[in-house]
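Just below is one structure, and these are the notes that go with it.
Lettering of chains follows the sequences in order, A, B, ..., and the numbering in each one begins at 1.
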Amino acid sequence: MTTAERVDAVTGGTGLRLDRLVVKFGGLTAVNGLSLDAPLGRVTALLGPNGAGKTTAFNVCSGLQRPTDGSVELDGRDITALSPQTRARRGLGRTFQKMELFDHATVRDNVSMGREAAMAGSLPWRQIFSTRREREELVEVTARALELCGIVGLADRRPVELSTGQRRLVELARVVAGGFSMLLLDEPSSGLDKAETQAFGEVLRKLVATTGCGILIVEHDMSLVMDLSDYIYVMEFGTPIFEGTPDEVRRSPEVRAAYLGTEGDE
Amino acid sequence: MSDYLPFIVFGLVSGSVYGLSAMGLVLTYKTSGILNFGQGGVTAIAAFLYYDLTRNSVPVPIAIILVVLVFGTLSGLVLEVVARLLARTSTANRVVGTVGLLLFCQSILVVRYGGAALPFPGFLPQGGFTVSGTLIRADQVITAAIALAAAVGIFLFFRWTRLGTEMRAVVDDPDLLDMTGRSPVKVRRTAWIIGSVFASASGLLIAPTSNLDSVLLTLLVVQAFGAAAIGRFTSLPLAYAGGLVLGLLTSLAPKWAPQTTLFQGLPLAIPFLLLVVVLLVTSKSKLKEIGRSVLSAAPATSRLTLNQMLGTGIVSVVALALVPVLVGAKLIIWSQGLTYVILFLSLSLLVRLSGQVSLCHIAFQAVGAAVMTHLGDVPWLAAVLIAGLAAVPLGILVALPAVRLAGLFLAVTTLGLGILMQYLGYATNPLFGTQLGRAASRPGAFGLDGDKGYYYVLLAFVVGTAVLVLSVERSRMGRLLRGLADSPTALVTMGAGINGLRVLVFCLSAFVASVSGALLAPLFGVIDATRFGWLNSLVVLTVLVIAGRGIIVAPFIAAALIQVVPGYVYNQTFQLYLPVFFGLGALLMAVAPGISGSALVPKRPRRRAGDRAPHALPPRAHHPKLVEVP
């Protein structure tokens with residue numbers, strides 16, 4: 001049995017569901033009627049060119065942005081009105097395209113905070129003290145997450161010293177340590193070269209296989225999602241234009257016309 | 001009605017000046033993102049300058065032109081540079097910088113003219129006319145007219161001139177403006193000049209009613225804060241209207257409030273009350289901090305090992321324990337110094353660990369000292385604890401409305417609270433009351449009430465507080481606070497509630513500050529409110545900043561700077577110049593990172609040899625936040 005297999009297994013739940021999501025900024029409609037289903041145990045992708053409204057949709061999922069209309073459901077419960085921290089405590093974790101790392105802490109402390117933030121929650125005494133049992137749990141969870149993401153060797157470095165690829169892995173390890181049942185990954189392959197992207201994909205596959213968590217990836221780059229995803233949604237200018245398996249997406253004339261263009265011929 | 005008319009007239013006139021001052025504040029804030037706490041300093045210097053010029057027989061019209069236009073323009077030019085450098089730093093640093101400026105201006109006036117108020121010659125015609133029994137003087141009409149003209153003028157300027165349009169553009173998107181070939185710097189410079197001209201003019205207009213008192217003139221910035229709050233710190237017409245409202249309220253309040261000495265300070269408290277109300281009722285989306293958000297860098301965890309720290313600590317404590325043997329009659333200075341170490345440790349916890357700024361820590365100290373004098377019958381240790389807890393509700397009162405919004409507004413409300421406490425709070429019976437002085441007791445047992453014995457009690461409290469701060473730094477709270485400084489967004493999306501955390505650390509800091517007051521009170525035969533003036537809160541903040549970044553070490557250096565050194569130097573000039581140095585020092589320290597960071601190429605992150613880092617990101621200060629954290 002590998003260590004990876006001992007990462008917290010996800011039980012129950014149906015994953016994330018968006019229902020006719022609309023987000024308007026003044027006169028601009030950033031997201032126009034997006035519905036999607038990202039079940040647990042699967043990798044779902046939201047694909048679209050830059051400016052398609054993907055990150056906005058993500059910010060609505062994690063509660064950083066209020067939708068104009070529509071709803072967000074996690075494991076069958078409406079979470080549209082909940083704060084980001086409450087959503088996180090219900091099992092929704094995310095990464096950022098512009099990585100939000102704690103640059104002044106070591107990689108180990110970064111990853112550990114993935115779990116400790118949720119332990120701290122909003123109650124004053126929980127934010128001040130940690131129990132011995134919690135500290136033990138943190139050490140254990142952190143070690144597992146570092147190993148699963150293959151960055152044990154970086155544990156004592158600080159994120160400012162690392163390459164983008166390594167930083168992406170640190171951010172991933174942090175949400176892995178958080179034990180979230182549903183992970184939202186915002187353009188994880190941006191800034192990575194081909195080999196790094198492939199390695200990152202491997203880690204994700206291993207993660208889903210061992211924990212059974214669900215993953216929703218937002219990407220504008222095809223290479224990572226095409227062979228990793230189980231199901232793909234495509235957006236353009238805020239509007240969903242197609243959904244299907246990677247094969248169907250590859251064959252779809254709409255997607256080809258709207259988005260793939262030259263890249264599709266690769 | 002005619003009962004009220006004199007008050008209404010007076011209120012509208014002083015309100016006009018508040019409005020003028022507030023417009024200057026808002027204009028510069030919305031174009032540059034720097035809320036200028038030092039504007040009161042500009043106002044005060046302008047009034048004193050006019051006084052000097054006319055005394056040296058410069059004709060009045062020329063003096064007015066020299067003060068309002070020449071001095072206003074020059075100070076605007078200087079302020080724009082300061083603001084440009086501060087804009088590259090964190091919110092806490094911006095506040096420290098302009099607070100340093102305020103302190104510098106105010107204390108340099110004290111050096112030059114002494115602390116006492118001087119009579120200010122009225123320069124506007126005094127004649128007038130009577131409306132239903134109330135005399136309305138010409139100078140009042142002219143003052144109101146000037147402010148109104150300024151308000152209308154600035155409104156038209158924004159609507160109809162190209163520069164006005166550019167000023168609106170620089171608020172919305174400086175980068176975009178830059179791309180059209182117009183320099184945001186030029187536009188901001190104009191804004192700072194107009195702002196400083198308004199500030200200078202308001203100094204000349206308010207001085208005839210307030211006399212030349214550097215503290216009172218500096219306080220005009222607080223009235224401006226109150227008025228600007230009504231305009232949510234962004235609307236010029238509303239800031240002007242806010243000034244009028246504030247003027248009416250402060251003028252009419254004494255008429256409605258009970259005629260006791262307690263309420264004499266009410267007019268000065270109104271801007272603060274107004275501020276808190278506005279901050280409470282305004283939704284987060286309507287009151288955002290302007291300017292590129294730069295997060296304060298989290299303090300790197302100490303690299304000393306536990307043993308090294310223990311060693312340093314023991315050596316320091318032994319050295320301090322020898323002090324009573326060595327210093328003789330100077331012991332009182334050192335004892336005061338120890339209470340200030342505790343005060344600075346509380347401030348250090350707040351500023352260094354959480355990146356928040358408090359401008360009312362002396363008020364917390366005062367609460368502790370005052371409450372301590374009431375607890376003579378309570379066991380001594382319990383009394384200290386109770387006195388410490390007494391400041392916590394106050395901490396909640398200021399922190400709760402402010403943290404929801406942003407660090408900047410916390411600083412504004414704490415400044416307001418400090419002033420409210422001085423002019424309204426200290427004289428209440430739970431605090432100092434109206435007696436001339438109150439006594440507090442020392443611990444009775446084991447000879448600890450002697451001067452030497454009490455020194456060791458204080459030393460024990462210093463050690464205890466240092467341990468407390470260190471353990472907070474190393475606890476979960478410390479980790480969360482450091483995380484908060486680096487990325488609040490990451491923290492909330494991982495499940496930590498951060499607003500509570502901010503209030504929590506603020507209250508903890510208030511508690512420790514209050515304990516320092518409780519320990520300070522028994523040092524003297526009697527203690528009264530005079531040593532807890534609001535300006536002292538600004539002094540302690542600037543001193544802490546000057547003392548360095550060490551979370552434990554800086555408080556000791558700061559306490560030495562502010563208590564021990566002046567206790568040994570009898571030279572009065574030195575004493576007078578101290579706050580000048582503190583203000584200037586803090587201002588320079590605050591702009592320094594802006595200077596070093598002003599290279600066009602962002603600094604490359606430090607990397608270890610052999611690392612392959614083709615896409616390494618620049619340090620975080622250089623990318624603005626995409627999302628607002630609720």
> Is it the case that A/R126 places NZ or CZ above or below the six-membered ring of A/F129, under 6.0 angstrom from the centre and within 45 degrees of the axis?
Replying inline: no
> Under a 4.5 Å heavy-atom cut-off, does chain B meet the side chain of A/R135, its backbone, both or neither?
Replying inline: neither
>> Need one label for A/S130: side chain, backbone, both or neither, based on atoms under 4.5 Å from any heavy atom in chain B.
In response: both
> For chain B, which of A/G178, A/G114, A/S112 has the most heavy-atom pairs under 4.5 Å?
Replying inline: A/G114
>> Show, in sequence, the C-alpha distance, side-chain angles and deciding distance for A/T56 and A/Q65, and conclude whether the side-chain hydrogen bond (donor to acceptor under 3.5 Å, both in side chains) test is met.
In response: CA-CA 7 Å; A/T56 305; A/Q65 172 75 49; over 6 Å; no
> So, do A/R115 and A/T142 sit near enough that their side-chain heavy atoms are less than 4.5 Å apart?
Replying inline: no
>> Looking only at heavy atoms and a cut-off of under 4.5 Å, which of A/R87, A/E171, A/M119 has the most pairs with chain B?
In response: A/M119
> Using non-hydrogen atoms only, which part of A/L184 is less than 4.5 Å away from chain B: side chain, backbone, both, or neither?
Replying inline: neither
> So is A/K54 actually on top of A/F237's ring, under 6.0 Å and inside 45° of the axis?
Replying inline: no
> Non-hydrogen atoms of chain A under 4.5 Å away: do they reach the side chain of B/L501, the backbone, both or neither?
Replying inline: both
> So, are A/D103 and B/R482 salt-bridged, with charged N and O less than 4.0 Å apart?
Replying inline: no
